[in-house]
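Both counts, for ligands and for their atoms, begin at 1 and track the order of listing. Worth saying up front: this structure is predicted, and the values here are computed from it rather than measured.
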Amino acid sequence: MPILTVDPTDPSHDAHLLQAANALRAGRLVAFPTETVYGLGAAATSDAAVARVFQAKGRPAHNPLIVHVADLAGARAVAAFDERATVVAQACWPGPLTLVLPRAAGAPVSALATAGLATVAVRVPAHPVARDLLAAALLPLVAPSANPSGRVSPTTAAHVVAELGGAVDLVLDGGPCAVGVESSVLDLSRGRPLLLRPGGLDAARLERLVGPLA
Ligand code: AMP
Ligand code: MG
């Protein structure tokens, strides 16, 4: 499987990045760096592409995936934001925070990605390669860590190849990830905010925004 290098300091017009965006639009699996770890990217809009992600990782179908988008406008197409969610998103994105919110009506997201739930987990990543890839693909992307379920998350392109081999169609090599902590997952889909997973975003900062976390 091809490994294409991309300069993480200036990826926006990189030919390899555009090639990766086209591959994603064609339903291929593309591993790419985020500020946490390398993600196994696929079009969140496509049942077939999302199914391949679950298959490649050996991930149980009942464990939903995070949908990555380029910005808050992209997130609004996918999830229903109330005032509280908007405040949190504006304060913390781009960054290592995933919000669980009600699915937006007509959200262009495969039901496989959300495991059939009425909610969706959404995030705007901060890594320049991830951001520019999302902007070029013009699609929401699922991007769980690019490793078989239960294995350590990859922080380099070589690590992705060693872990997933031929299950991935293309690896975008933007250099090593800054040692990866996963995104914090905050559920704002009900009354009381619930921290489903602690991660890269400081919980105290979230509490200053939304009050005590359950
Ligand atoms: P990962 O396993 O690192 O890809 O992280 C995805 C995390 O987000 C898992 O803990 C999922 O259970 C959680 N998640 C994704 N979608 C939802 C959702 N709709 N509701 C609650 N948790 C979710
Ligand atoms: Mg993982």
Task: Top protein contact for atom 7 (C) of ligand 1, by heavy-atom distance - done: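 For this ligand atom, the closest protein heavy atom is Arg197 NH1, 4.0 Å.
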TODO: Please report which non-hydrogen protein atom sits nearest to atom 13 (C) of ligand 1, along with the residue it belongs to and the distance in Å to one decimal place.
DONE: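 For atom 13 (C) of ligand 1, the nearest protein heavy atom comes out as Pro64 O, 4.4 Å.
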Can you tell me if [X] uses its side chain to pair, donor with acceptor, with the backbone of [Y] under 3.5 Å?
| X | Y | value |
| --- | --- | --- |
| Arg59 | Asn63 | yes |
| His127 | Pro125 | no |
| Arg131 | Ala70 | yes |
| Lys57 | Arg52 | no |
| Ser183 | Leu97 | no |

Atoms in ligand 1 flagged as close to [X], the criterion being non-hydrogen separation under 4.0 Å:
| X | value |
| --- | --- |
| Leu196 | 21 (C), 22 (N) |
| Thr119 | 18 (C), 19 (N), 20 (N) |
| Arg59 | 1 (P), 2 (O), 4 (O), 6 (C) |
| Glu182 | 3 (O) |
| Ala121 | 15 (C), 16 (N), 17 (C) |

Open item on the list: Out of Thr36, Ile66, Leu65, who is nearest to atom 8 (O) of ligand 1 when you count heavy atoms only?
Closed with: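 Going through Thr36, Ile66, Leu65 one by one, Ile66 has the nearest heavy atom to atom 8 (O) of ligand 1.
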- [ ] Select the closest option to atom 20 (N) of ligand 1 among Val100, Val67, Leu99, judged by heavy-atom distance.
- [x]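 Answer by nearest heavy atom: Val100.
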Task: Listed partners of Leu24 passing side chain to side chain contact (heavy atoms under 4.5 Å, CB included), at least two apart - done: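 Leu24 satisfies side chain to side chain contact (heavy atoms under 4.5 Å, CB included) with Val30, Leu133, Leu141 once adjacent residues are dropped.
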- [ ] Check Lys57 against ligand 1 and report side chain, backbone, both or neither, counting heavy atoms closer than 4.0 Å.
- [x]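 The answer is neither.
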- [ ] Measure Thr114 to ligand 1 on non-hydrogen atoms and call it side chain, backbone, both or neither using the 4.0 Å cut-off.
- [x]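 Neither part.
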Open item on the list: Would Ser145 count as a polar contact of ligand 1, with the cut-off being nitrogen or oxygen pairs under 3.5 Å?
Closed with: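 No - when backbone and side-chain N and O of Ser145 are compared with those of ligand 1, no distance drops under 3.5 Å.
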Task: Closest heavy-atom pair and its distance - Ser145, Pro154 - done: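 Scanning both residues completely, I find the closest heavy atoms to be CB-CD, 4.5 Å.
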TODO: If a pair satisfies side-chain hydrogen bond (donor to acceptor under 3.5 Å, both in side chains) and one of its residues is in residues 20-31, list it, with sequence neighbours excluded.
DONE: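 Output for this query is empty, none listed.
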TODO: State, without any angle test, whether Asp132 and Ser12 hold a side-chain donor-acceptor pair at a distance under 3.5 Å.
DONE: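 Side-chain D/A pair, Asp132 to Ser12: absent.
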- [ ] State, without any angle test, whether Thr119 and Ser189 hold a side-chain donor-acceptor pair at a distance under 3.5 Å.
- [x]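 Short answer, no.
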Open item on the list: So that I can tick it off, tell me whether Glu35 and Arg123 are bridged by a salt bridge, with the cut-off set at under 4.0 angstrom between side-chain N and carboxylate O.
Closed with: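 Glu35 and Arg123: salt-bridged.
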- [ ] Using non-hydrogen atoms of the residue, decide whether Asn63 is closer than 4.0 angstrom to ligand 1.
- [x]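 Checking ligand 1 against Asn63, which is what was asked, there is a heavy-atom contact under 4.0 Å.
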- [ ] Share the residues that join Val100 in a hydrophobic cluster, the rule being Ile, Leu, Val, Met, Phe, Trp or Tyr side chains under 4.5 Å apart at the heavy-atom level.
- [x]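 For the cluster that includes Val100, the remaining residues are Val185, Leu194, Leu196.
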- [ ] Could you grab the protein N, O or S atoms closer than 2.8 Å to the Mg ion (ligand 2) for me?
- [x]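 Listed by chain and number, the nearby protein N, O or S atoms are Ser145 OG.
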